[in-house]
Amino acid sequence: MSTQPTPGVDDESAPRDHPSRSDGFVRGVSQLIGGPLGDHASSLDRPGRARQRFWTAARVVLALVCLTLVLHWVQKSPCHSGAWQNNIQYTRFCYSDVLALYYAEGLNEGKVPYRDHPVEYPVLTGAFMGVLGLPVYYLGRDNPEINQGQWAYNANALVLSALAVATVAVILALRRRRPWDAALFALSPALLVTATVNWDLLAIGLAAFGLLAWARKKPVVAGVVIGLAGAAKMFPIFILGPILVLGLRSGRVRAALTALGTGLATLVAVNLPVALLYPEGWGRFFELNSTRPIDWGTFWYIGRYLDGRVNFSGPGSQGPFEWLSANVHTLNYISYALFGLACIGVAVLAVRAPVRPRLAPLAFLVVAAFLLTSKVWSQQFVLWLLPLLVLARPKWGAFLAWQLAEVGYFVAFYGELLGTATGTPVFPEGVFVLAAALRWGTVAMLCVLIIREVLHPERDAVRRTYPDDPDGGVLDGAPDAPWVDRWRRRRPAEPATIAAGDPTPTPASA
């Protein structure tokens, strides 16, 4: 009798993944403490034994993310009072939009977002700011002794931290056979330093629940929740593209179109009332993004720096990136076109791959393509990629290289801020550009590694534990639609699954 797990069913008796055995990097590091988990330790996977232990893998990971978030709060504590003297927000790396915009957006004066003051963020983020910020204003009005900014920051930090914990819980629910994958999110250095720099965890938490709903075969709920996430930050809407492409490849078009339709309808439904009632306040987000120049740390910023150092056209002439910096609307079109071409490339990859790709790798590729081609790449945008990478490629080696580059950029970014504020550079501009290039390069490297695993699914760590796609919902275990092989015009398809728990594959170390 076959013991291979049935697609879509997470059998409690199925073996759990142990990174010290399956991940080359973790296995190598484990030699420092005695080597990988032994064969006899496999009894700990048994459900009966698991119920006898309080510190299960899931609880350890949840405790770790709570610890990371507490340390983040401590790291931001020098700025909690809002008395930012002598550029303490830069020298202590503790700046947060959450606190700064409580005053800049007029929340400390009781102004309602969009109605009384234009807001530079999508509607649900603006509403979130108001729901948490305005009660603090009314409390402070009646109790002038309290520090409104500090109370507003702490209220936001508490809710955003709860959303981060919920995101880890979703990852654990999606990877019940691989609970230690969620430790990549829980112990992420990027989470430690950027969790409450802005309100991105609101969109990330909602997007995670949308993915969970899709995995539970609830396309309507998935579309609604992803639409809500897109009303907080735009990037979760990009996830609907891979869902549609994979639905076409597997013939599950109805479910994919349902998720896409409900997602877009939810996005419109949330935005429409605000757009009609307060068009000026609502339009600020779109106006800012259409007129915003090249932002720090982007591909375009790196290119503009190189233009200033390498000039082949003679004195006084502009390089291409310098010209684009002065022609923002043209830059917008080029950026959108490059992102569109990248999306087409991901769609072609999804169809031509020998085995239907999993949802998470394609979602990561689309969101990463947006950041790699965008003219704006804020420091906290790293959080957009974090849960997607954990679901797409849970391998520690390349993950840590990326995180190291992100922390390097974080430090260089604050050095650049401090130099701008004081008029005295902290270090040469080239150092910041190098940090930005390393960040860009490591994200591009992750894309290459994921593409390689899509084309060679035997390298996919998740497929060694699950027979197909644990995030796929109606796609999980579905065969290709008849048109796929005809379109690809290739030899008969390879087997559509890889046996879960196969002990023979050699783990990749990256």
Side-chain angles (χ1 to χ4, degrees), residues 72 75-105 118-121 149 153 189-190 192-200 284-285 287-311 318-319 321-328 331-332 335 371-372 374-383 404-441 443:
H72 169 81
Q75 191 268 317
K76 297 299 180 190
S77 61
C79 286
H80 287 177
S81 68
W84 296 352
Q85 302 295 324
N86 301 317
N87 294 304
I88 190 175
Q89 70 272 33
Y90 305 142
T91 59
R92 300 291 185 89
F93 307 98
C94 61
Y95 172 85
S96 172
D97 286 332
V98 172
L99 198 155
L101 295 184
Y102 176 74
Y103 297 99
E105 298 290 349
V119 179
E120 61 186 87
Y121 298 112
Y153 172 80
L192 173 64
V193 296
T194 66
T196 62
V197 168
N198 201 279
W199 291 273
D200 296 72
R284 174 60 179 158
F285 168 74
E287 177 189 1
L288 177 65
N289 281 278
S290 64
T291 60
R292 193 169 180 172
I294 292 175
D295 198 18
W296 288 359
T298 62
F299 168 76
W300 311 100
Y301 184 92
I302 297 168
R304 187 176 64 184
Y305 173 83
L306 296 177
D307 274 351
R309 301 301 182 276
V310 181
N311 193 329
Q318 285 186 321
F321 292 93
E322 290 177 321
W323 184 88
L324 286 171
S325 182
N327 294 270
V328 175
L331 171 63
N332 291 340
S335 176
L371 294 177
L372 293 172
S374 177
K375 65 177 183 179
V376 179
W377 193 344
S378 299
Q379 54 174 317
Q380 76 278 3
F381 288 2
V382 58
L383 298 174
L404 180 63
E406 290 286 355
V407 171
Y409 178 79
F410 177 83
V411 174
F413 179 77
Y414 275 87
E416 196 77 355
L417 286 171
L418 181 60
T420 301
T422 61
T424 303
V426 176
F427 38 65
E429 177 71 7
V431 173
F432 175 68
V433 173
L434 176 62
L438 289 174
R439 177 180 68 156
W440 196 97
V443 173

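Note that these values count all heavy atoms, side chains included, but never hydrogens, waters or copies made by symmetry. The residues of the chain are indexed from 1 along the displayed sequence.
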May I ask you to test the L371-V443 pair for a side-chain heavy-atom distance under 4.5 Å? no
Using a 4.5 Å cut-off on heavy atoms from C-beta on, say whether the side chain of N332 contacts that of K375. yes
Restricting to non-hydrogen atoms, name the atom on [X] and the atom on [Y] that form the minimum distance, rounded to 0.1 Å.
X: A421; Y: N87; answer: CB-OD1, 3.6 Å
X: A412; Y: A435; answer: CB-CB, 3.7 Å
X: L192; Y: H72; answer: O-ND1, 2.6 Å
X: Q75; Y: F93; answer: NE2-O, 2.8 Å
X: W199; Y: V98; answer: CZ2-CA, 3.6 Å
X: V197; Y: K76; answer: CG2-NZ, 3.9 Å

Residues 289-298 vs salt bridge (Lys or Arg N to Asp or Glu O under 4.0 Å), sequence neighbours excluded, gives R292-D295
Got a second to check how far [X]'s [atom1] is from [Y]'s [atom2], nearest 0.5 Å?
X: R304; Y: L331; atom1: CZ; atom2: CG; result: 10.0 Å
X: L434; Y: E429; atom1: CG; atom2: CD; result: 11.5 Å
X: N86; Y: T422; atom1: CG; atom2: OG1; result: 11.5 Å
X: S81; Y: L99; atom1: OG; atom2: CG; result: 8.0 Å
X: I294; Y: F299; atom1: CD1; atom2: CZ; result: 10.0 Å

Parallel, tilted or perpendicular: rings of W296 and F432 (30°, 60°): perpendicular
Evaluate the ring planes of F321 and W300, with Trp represented by its six-membered ring, and classify them as parallel (under 30°), tilted (30 to 60°) or perpendicular (over 60°). tilted
My understanding is that only residues two or more places apart in sequence, or in another chain, count here; which of them pass ring-ring contact (aromatic ring centres under 6.0 Å, His included) with Y102? none
Not counting sequence neighbours, which residues clear ring-ring contact (aromatic ring centres under 6.0 Å, His included) with F381? List them please. W384
Less than 6.0 angstrom separating the ring centers of Y305 and Y301, yes or no? no
Report the residues that fulfil side-chain contact (heavy atoms from CB on, under 4.5 Å) with E287, sequence neighbours left out, ordered by chain and then residue number. R284
Test of understanding: with side-chain contact (heavy atoms from CB on, under 4.5 Å), list the residues that count as partners of A436, not counting sequence neighbours. I302, Y409
Checking the side chain of W440 only, and the main-chain atoms of L372 only, is there a donor and an acceptor separated by less than 3.5 Å? yes
Short question: side chain of D307, backbone of E322 - any donor-acceptor pair under 3.5 Å? yes
Which pairs, with at least one residue in residues 88-98 and sequence neighbours excluded, count as a side chain to side chain donor-acceptor pair (under 3.5 Å)? Y95-D97, D97-N198
